[in-house]
Structure formats: structure tokens, C-alpha cells
Amino acid sequence: MVSGDFNQDGWPDLYVANDAMPNHLWINQGDGSFVEDALMLGTAVNSQGQPEASMGVVAGDIDGDGDEDLFMTHLREETNTLYVNDGDGGFRDRSIASSLAAASRGFTGFGTALVDFDLDGWLDIVVVNGAVRAVQSETQRQQAFPYGQPNQLFHNQDGRYIEISDQVPALAFAETSRGLAAGDIDNDGDPDLLIANNHGPARLLLNTAQDRRWFGLRLLERSGRDAIGAAVTMRLADGRTLMRRVRVDGSYLSASDPRLLFGLAENNASGELVITWPDGSCEYRTGLAVNQYHQITQGEENTAGQNCNGED
């Protein structure tokens, strides 16, 4: 499952991916109750009206329009699914239009992550694969555990996802991958990956290929705990707005780095930050240096307590 404010009403909603049954989208009513509305909102089944295996699931602003979209992984002969948010909490299955469908049909996906691996400001998709039924080619090679499949990286190019797995040799291992966690292990400003495999070693993939500007952020509540659910928008000098949410959920049986990492491409400055805390209050920051991490605790400046509409 994964959480997110999918209808942008200020309350966290819950998306539950179910195995071979329609998925659930629980919409927070703001009074302690939830209403399940996945079918009406377009996320219960795929565009053919079929439920799928739904192993891994992740949420994030894939198309750069400020709302949260959904991506999930499925069994071989199904296709991984991209649900794009229409801005009002409804979704459309854009798996085929985004070029993700055909590339995933021959694989069984489990863990998945949205990471801006090349720091261009657009979220890319990583999927780790491993069969649940014996792979014929592995059986013919007399492998003791014949479920291995290579993993995949999809580069976001203006809303279309181009597979570039062949450019990352470490993804080519035919292993039975299950868990995938993402985070900046070496604190150098780009996302790294940790892959957990059945019947095999864990793989730590360090990202060393990028030389672009970046901005890192760790948000803490007043208690000192990570501000899970807080959202940050950053307005860049080139006119783009990036949105990221503090989360560790999603993927498959994995927890990721709660810090936010913004790829700035060629922008020299971080731009204005708008931080929306889990309690609905907002803070604004400007002038923070790039190419480093910053830690911000809720309420440590006098902008704390201001509502997102500008009222006290």
C-alpha cells in the first residue's frame, strides 16, 4: 500500500494494491473515516477492466503537474500499470501511452521506486523483477533456483518512459529480486538503490554517473521525528515547479530514505520552497544553497502556523 493526498484536499488517502482482485482507494473524509472509491476514480482495474497481480506500488508526481500519480508492478503477461491523476483525484490508465506496457509484459515485477536518477527534475521508474513460476531459459541452464529475471530502469522523457536498462550493467543480473529501497546512501546528491533478492545476495547500486545540480531536504516535526506526509513544492528559475512528498512507504516490503531529493538540471538556485506540514500549516523558504542537504524543523521560523491559503 501507499499513502498520498490524491484529491488534494489536505487529508492523506490510502491506496491498497490487491493480488488478482480490484485495488482499493480509500479517500479520507477528514472526520476519521474513509470511503473506498477506487472503481469510480479509475484505479480499481486496468483500462481493459481487468484486475492484476499488483505486487509493488508507488506514488509520486510523475508528470510534473503537482498531483500524485500511481505506478504498480504485476505478473508476467500482464503489464505494469501507470495511473495518471487528472488533478481532481480521478485517474486514467496511461500504461500504453507512456510506453511502459509492452516493456513489462515479459517480466514479473515486485519492488519499484520513483527516482530522478539523472537529476533532470523528472521522476524515472525502477522495477525489480523475479518470476514466481520457473523460467524456461533458467531451467534449461539447470539453475538451482530458476526464477531469475533482469531488472529495469525507465527514463522519463516528456511523459514517455524509455527503457535504458542496458546502460546499467548492474541491472542485468538474472536474479529473483523482490524488495527495492531508494535513498542517497553516500550523501552525494543522487539516488542509490538497494535490491533484496530471494536465494541470492542483496545488491547495493551506487549512482555515480551524474554531475548536475541538486537540492536535498530533511523535514522534521516539532517532536524531532521525520515529517511523514509533508509535501514540498519548489519553483525553479526556469518556470518549472517540482513537488515531492516525505514518505518511506511503497515498493514491496521495503522502506526508503525519507529525505527529499530534487534534481535541478541546469538551474543554479533552489528557488522558493513551500512546505505543507502534515497538520496543514505552511512555511516558505528561499535562498537555500544547492548541492547540499538542509534540515528544517517545523516552526523554527516565524512563517510557521500559517495556513496554505495565507491566513494565520
Side-chain angles (χ1 to χ4, degrees), residues 1-9 11-63 65 67-114 123 125-133 149 152 154 161 177-180 229 245 247-255:
M1 61 81 66
V2 70
S3 62
D5 183 8
F6 298 111
N7 58 0
Q8 302 186 87
D9 65 351
W11 294 94
D13 311 304
L14 302 173
Y15 186 74
V16 181
N18 297 313
D19 192 348
M21 294 185 292
N23 297 326
H24 291 152
L25 179 53
W26 295 92
I27 299 299
N28 194 328
Q29 303 301 291
D31 59 3
S33 68
F34 292 77
V35 171
E36 201 290 297
D37 209 13
L39 187 61
M40 293 300 296
L41 295 177
T43 62
V45 294
N46 66 16
S47 59
Q48 285 74 47
Q50 299 297 317
E52 296 175 290
S54 304
M55 271 80 79
V57 59
V58 68
D61 186 11
I62 287 175
D63 52 358
D65 63 352
D67 53 38
E68 292 176 281
D69 312 296
L70 288 161
F71 175 78
M72 64 206 63
T73 61
H74 302 296
L75 281 172
R76 183 180 179 184
E77 301 308 326
E78 297 176 339
T79 66
N80 294 340
T81 307
L82 173 62
Y83 292 116
V84 174
N85 196 322
D86 64 8
D88 295 317
F91 292 81
R92 290 184 178 273
D93 182 347
R94 300 289 293 172
S95 310
I96 296 175
S98 65
S99 301
L100 286 165
S104 62
R105 186 174 292 276
F107 300 91
T108 293
F110 276 84
T112 184
L114 301 178
L123 291 174
I125 297 176
V126 184
V127 178
V128 297
N129 300 308
V132 295
R133 303 180 185 91
Q149 294 179 329
Q152 295 174 289
F154 299 93
Y161 281 85
S177 299
R178 293 293 185 254
L180 172 65
R245 185 178 297 279
R247 55 165 35 101
V248 297
D249 60 1
S251 189
Y252 178 82
L253 300 180
S254 305

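Numbers here are sequence positions counted from 1.
You'll find the side chain of Gln50 stays beyond 4.5 Å of the side chain of Val45, heavy atoms only. The closest side-chain heavy-atom distance from Asp61 to Asp69 is below 4.5 Å. With contacts defined as side-chain heavy-atom distances shorter than 4.5 Å, the pair Arg178/Leu253 does not qualify. The closest side-chain heavy-atom distance from Phe110 to Val132 is below 4.5 Å. No side-chain heavy atom of Trp11 sits less than 4.5 Å from a side-chain heavy atom of Gln29. Proximity of Asn129 to Ser177: side-chain heavy atoms (C-beta onward) are nowhere separated by under 4.5 Å. Within the 4.5 Å cutoff, side-chain heavy atoms of Ile125 are placed close to those of Leu114. Considering only heavy atoms from C-beta on, Ile62 comes within 4.5 Å of Tyr161 through its side chain.
Without hydrogens or angle criteria, Arg247 side chain to Ala59 main chain gives a donor-acceptor distance under 3.5 Å. Under the 3.5 Å distance criterion, the side-chain polar atoms of Arg92 are left unmatched by any main-chain donor or acceptor of Asp86. With Glu52 contributing its side chain and Glu78 its backbone, the two residues share no donor-acceptor pair below 3.5 Å. Side-chain atoms of Asp88 do not come within 3.5 Å of backbone N or O of Gly90 as any donor-acceptor pair. Looking only at distances, a side-chain donor or acceptor of Asp13 sits under 3.5 Å from a matching main-chain atom of Phe6. For the pair Glu36 (side chain) and Leu25 (backbone), a donor-acceptor distance under 3.5 Å is present. Side chain of Ser251 to main chain of Leu180: a donor-acceptor pair is present (N/O by atom type, distance under 3.5 Å, no hydrogens or angles). Between the side chain of Asn23 and the backbone N or O of Asn18 there is at least one donor-acceptor pair closer than 3.5 Å.
Here CZ of Arg133 is found 6.0 Å from CG of Leu75. Values are rounded to the nearest 0.5 Å. Within the model, atoms CG of Asn85 and CG of Asp67 stand 4.0 Å from one another, a figure rounded to the nearest 0.5 Å. Interatomic distance, Thr108 OG1 to Asn80 CG, rounded to the nearest 0.5 Å: 9.5 Å. Note that the OG atom of Ser33 and the CH2 atom of Trp26 stand 10.5 Å from one another [nearest 0.5 Å]. To the nearest 0.5 Å, the span separating OH on Tyr252 from OG on Ser54 amounts to 12.0 Å. One distance of note links CG of Leu70 with OG1 of Thr43; it measures 6.5 Å at 0.5 Å rounding.
The number of heavy atoms from other shown groups lying within 6.0 Å of CZ (Arg94) does not exceed 12. Around atom CE of Met40, no more than 12 heavy atoms belonging to other residues, nucleotides or ligands sit under 6.0 Å away.
Nearest heavy-atom pair across Ala103 and Ser99 is CB-O, 4.2 Å. Shown here for Thr112 and Gly56, the closest heavy-atom pair between the two residues is CG2-C, 4.0 Å. Minimum heavy-atom separation, Phe154 to Val127: CE1-CG2, 4.3 Å. Closest of all the heavy-atom pairs between Ser254 and Gly179 is OG-CA, 3.4 Å. Nearest heavy atom pair, residue Phe107 against residue Gln152, reads CE1-NE2, 3.5 Å.
Residue His74 forms a side-chain hydrogen bond (donor to acceptor under 3.5 Å, both in side chains) with just one option from Thr79, Asp19, Thr81, and that option is Thr81.
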Step by step, work out the side-chain hydrogen bond (donor to acceptor under 3.5 Å, both in side chains) result for Ser3 and Asp249. CA-CA 7 Å; Ser3 62; Asp249 60 1; 2.9 Å; yes
